[in-house]
Amino acid sequence: MIKGIKGVKDLLPEETPRWRLIEEAARRWADRYGFHEIRIPIFEVTTLFARSIGASTDIVEKEMYTFQDRDGTSLTLRPEGTAGTVRAYIEHNRAAVPVPQKYFYFGPMFRHERPQAGRLRQFHQFGVESFGIADPRADVEVIALLWRFLNDLGLQGLTLEINNLGCPADRDVYRPRLVTYLQQHEPHLCTNCQRRVETNPLRVLDCKVPECRIITEKAPRLADSLSETPRTYFAGVLRGLDLIHIPYSLNHRLVRGLDYYNLTTFEVTATNLGAQNAVGAGGRYDGLVDTLSGPPTPAVGFAVGFERIAMLLPESVLHASPVQVIVYVAAFGDEGSIAGLSVLEKLRASGIAAVSDFRASTLKAHLRQADRLGCGFTVILGDDEVHTGTVILRNMVTKGQSDLPLSSLSVAIQPLLTTS
RNA sequence: GUGGGUGUAGCUCAGUUGGUUAGAGCGCCGGAUUGUGGAUCCGGAGGUCGCGGGUUCGAAACCCGUCAUCCACCCCA
């Protein structure tokens with residue numbers, strides 16, 4: 001048997017309603033905030049990701065699905081959506097369009113990691129990117145969209161954490177100060193963090209080991225190394241969130257794994273989600289468009305993980321959606337079976353959802369299938385009914401039955417199709 | 001890439017110190033009901049015990065290897 005690839009999952013029909021619910025909510029909220037859908041390729045030239053995400057990040061170093069095109073060009077399945085969106089923004093010169101360029105996207109992303117709870121090799125994200133607006137209100141708008149969307153889905157136990165990364169120059173000032181401090185306490189750090197002091201000192205702040213947390217609690221803070229402009233900007237973001245009542249908590253430890261973030265960075269985490277507890281995250285990336293040879297363009301965005309939202313989605317939200325009435329056509333006998341095919345088609349043509357199981361040859365088998373398929377009504381049509389020119393309409397809930405004319409069934413049936 | 005758990009019927013799982021024909025519940029099919037579903041009762045079908053090797057008179061069980069899957073680390077949505 002040929003099986004699916006490790007970490008790549010099928011979404012069977014039982015699960016797709018849950019996903020559609022999330023997609024529809026995402027579209028609804030993106031629309032309300034004035035974001036427009038962009039559809040970008042799921043693969044790009046490898047250098048796009050290497051340059052945007054950062055050559056020394058884990059994603060680029062060991063998690064990308066990279067392969068050669070026939071002419072030898074190195075291509076990569078997208079590990080995230082921002083790089084491709086920025087590439088499209090530059091390539092189509094969207095900076096010249098005189099209205100705000102605010103995009104959203106859906107789709108699969110690919111990272112070669114070991115699967116675990118809430119993490120797959122092919123996973124799905126909804127993301128938004130807001131280009132060209134260097135105003136705290138753009139950050140607030142993006143964060144608000146994220147927060148309203150998640151709340152609309154009824155997700156519980158969410159926390160919005162936010163931090164100010166400042167500009168790259170601020171971090172260049174801060175990093176040596178942090179490293180000096182960490183080196184003084186290096187023997188007491190976990191082995192991971194001892195390594196991180198060299199490779200990525202800011203990540204030590206994010207470590208969950210209690211001993212490391214005690215040390216980093218007293219470490220110099222990035223906030224104290226920031227210059228005046230980022231401080232003012234970030235204060236504006238927080239003021240905006242306060243004004244529209246988005247609850248957040250400041251987390252000076254929050255540093256993102258991707259190189260392109262600056263200023264505002266945020267993350268929504270959930271309890272009851274296992275070890276991978278980030279539902280969505282994002283931030284400002286003012287330097288990225290420039291890095292990819294576009295015009296200097298401020299930008300801010302986020303991405304959320306569909307799989308993680310789906311895990312948190314309460315059943316009540318799923319059952320709240322209205323149930324469509326489906327008519328089952330139980331056609332049996334030589335003449336009934338033939339007449340049933342026409343009835344099915346006429347019902348469908350008049351806008352009624354109608355199904356049948358052609359394997360069933362007895363009324364008993366048909367009714368059993370109607371029940372299993374959750375049909376509210378069954379049209380019973382055997383040879384006897386063909387001869388009298390009628391059908392029997394059975395309400396599967398009340399068990400009430402009535403005769404209807406076969407010739408004008410799709411009209412006669414309409415007023416009766418209420419389950420109440 | 002590293003560590004741990006789990007692989008037995010369609011699904012969830014039992015299976016004693018190694019012992020003869022591998023079980024249960026749910027589901028499925030049929031009958032009780034010859035043209036009326038769900039409930040009940042009765043009957044039935046369904047297994048490469050993940051795979052390969054080894055130990056043994058005898059392996060689902062013990063050993064080695066391998067694969068799959070889950071969880072965790074790393075890292076991230």
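The basis for the numbers below is simple: all heavy atoms, side chains too, and nothing from hydrogens, waters or symmetry mates. Below, read A as the first sequence line, B as the second, and so on, with proteins coming before strands; counting in each chain starts at 1.
- In this model, the phosphate group of B:C74 is not approached by any side-chain N or O of A:R203 to a distance below 4.0 Å at OP1 or OP2.
- Judged as a salt bridge (charged side-chain N to carboxylate O under 4.0 Å, His left out), and not counting sequence neighbours, A:D31 has no contacts.
- For A:Q276 and B:A77, the shortest distance from a side-chain N or O to OP1 or OP2 is not below 4.0 Å.
- Contacts classified as side chain to side chain donor-acceptor pair (under 3.5 Å) and involving residues 330-349 of chain A (residues at least two apart or in different chains) are given here: A:E335-A:H387.
- For B:G1, its base never sits under 3.5 Å from the side chain of A:E61 at any donor and acceptor pair.
- When each of A:A278 and A:E385 is assigned the nucleotide of RNA chain B with its nearest heavy atom, A:E385 is the one assigned upstream, toward the 5' end.
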What nitrogen or oxygen pairs link the protein and nucleotides 41-44 of chain B at under 3.5 Å?
none

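- In this view, A:R175 and A:D172 satisfy the side chain to side chain donor-acceptor pair (under 3.5 Å) rule, not counting sequence neighbours.
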### Query
So what is the 5' to 3' dot-bracket string for RNA chain B, if pairs are Watson-Crick or G-U wobble with both distances under 3.5 Å, crossing pairs use [ ] and | means the partner sits on another strand?
(((((((..((((.....[...)))).(((((.......))))).....(((((..]....))))))))))))....
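- Using a 4.0 Å heavy-atom distance criterion, A:F332 is classed as a base contact.
- Under 4.0 angstrom from either OP1 or OP2 of B:U36 there lies no side-chain N or O belonging to A:K364.
- Shown here are the side chain to side chain contact (heavy atoms under 4.5 Å, CB included) partners of A:S249, two or more places apart in sequence or in another chain: A:T159, A:E161.
- Listed by chain and residue number, A:R94, A:Y103 satisfy the side chain to side chain donor-acceptor pair (under 3.5 Å) test with A:Q101 (two or more places apart in sequence, or in another chain).
- Here A:A370 lies out of heavy-atom contact (under 4.0 Å) with every strand.
- RNA chain B is contacted by A:R111, A:E113, A:R114 of residues 106-114 of chain A, taking any non-hydrogen atom closer than 4.0 Å.
- Contacts of A:R372 with the nucleic acid, taken as non-hydrogen atoms under 4.0 Å apart, involve only primed sugar atoms and P, OP1 or OP2.
- Judged as a ring-ring contact (aromatic ring centres under 6.0 Å, His included), and not counting sequence neighbours, A:F67 has no contacts.
- Comparing the P positions of B:A59 and B:U2 gives a spacing of 34 Å, expressed to the nearest Å.
- A:G118 comes within contact range of at least one nucleobase, with a heavy-atom separation under 4.0 Å.
- Not counting sequence neighbours, the partners of A:R221 by the salt bridge (charged side-chain N to carboxylate O under 4.0 Å, His left out) test are A:E217.
- For the segment residues 5-28 of chain A, the set of residues with a heavy atom within less than 4.0 Å of an atom of RNA chain B comprises A:K6, A:K9, in numerical order.
- Judged by closest nucleotide on RNA chain B, A:P115 is the one of A:P115 and A:H124 placed further toward the 5' end.
- The residue A:Q401 sits close to a base: some heavy atom pair falls under 4.0 Å.
- Residues passing the ring-ring contact (aromatic ring centres under 6.0 Å, His included) test with A:Y181 are A:H185, sequence neighbours excluded.
- Note on A:E113 versus A:R119: salt bridge recorded, some NZ/NE/NH1/NH2 to OD/OE distance being below 4.0 Å.
- Heavy atoms of A:L120 sit under 4.0 angstrom from at least one base atom.
- A:K399 comes within 4.0 angstrom of a base, heavy atoms only.
- The phosphate of B:C76 has neither OP1 nor OP2 within less than 4.0 Å of any side-chain N or O from A:R308.
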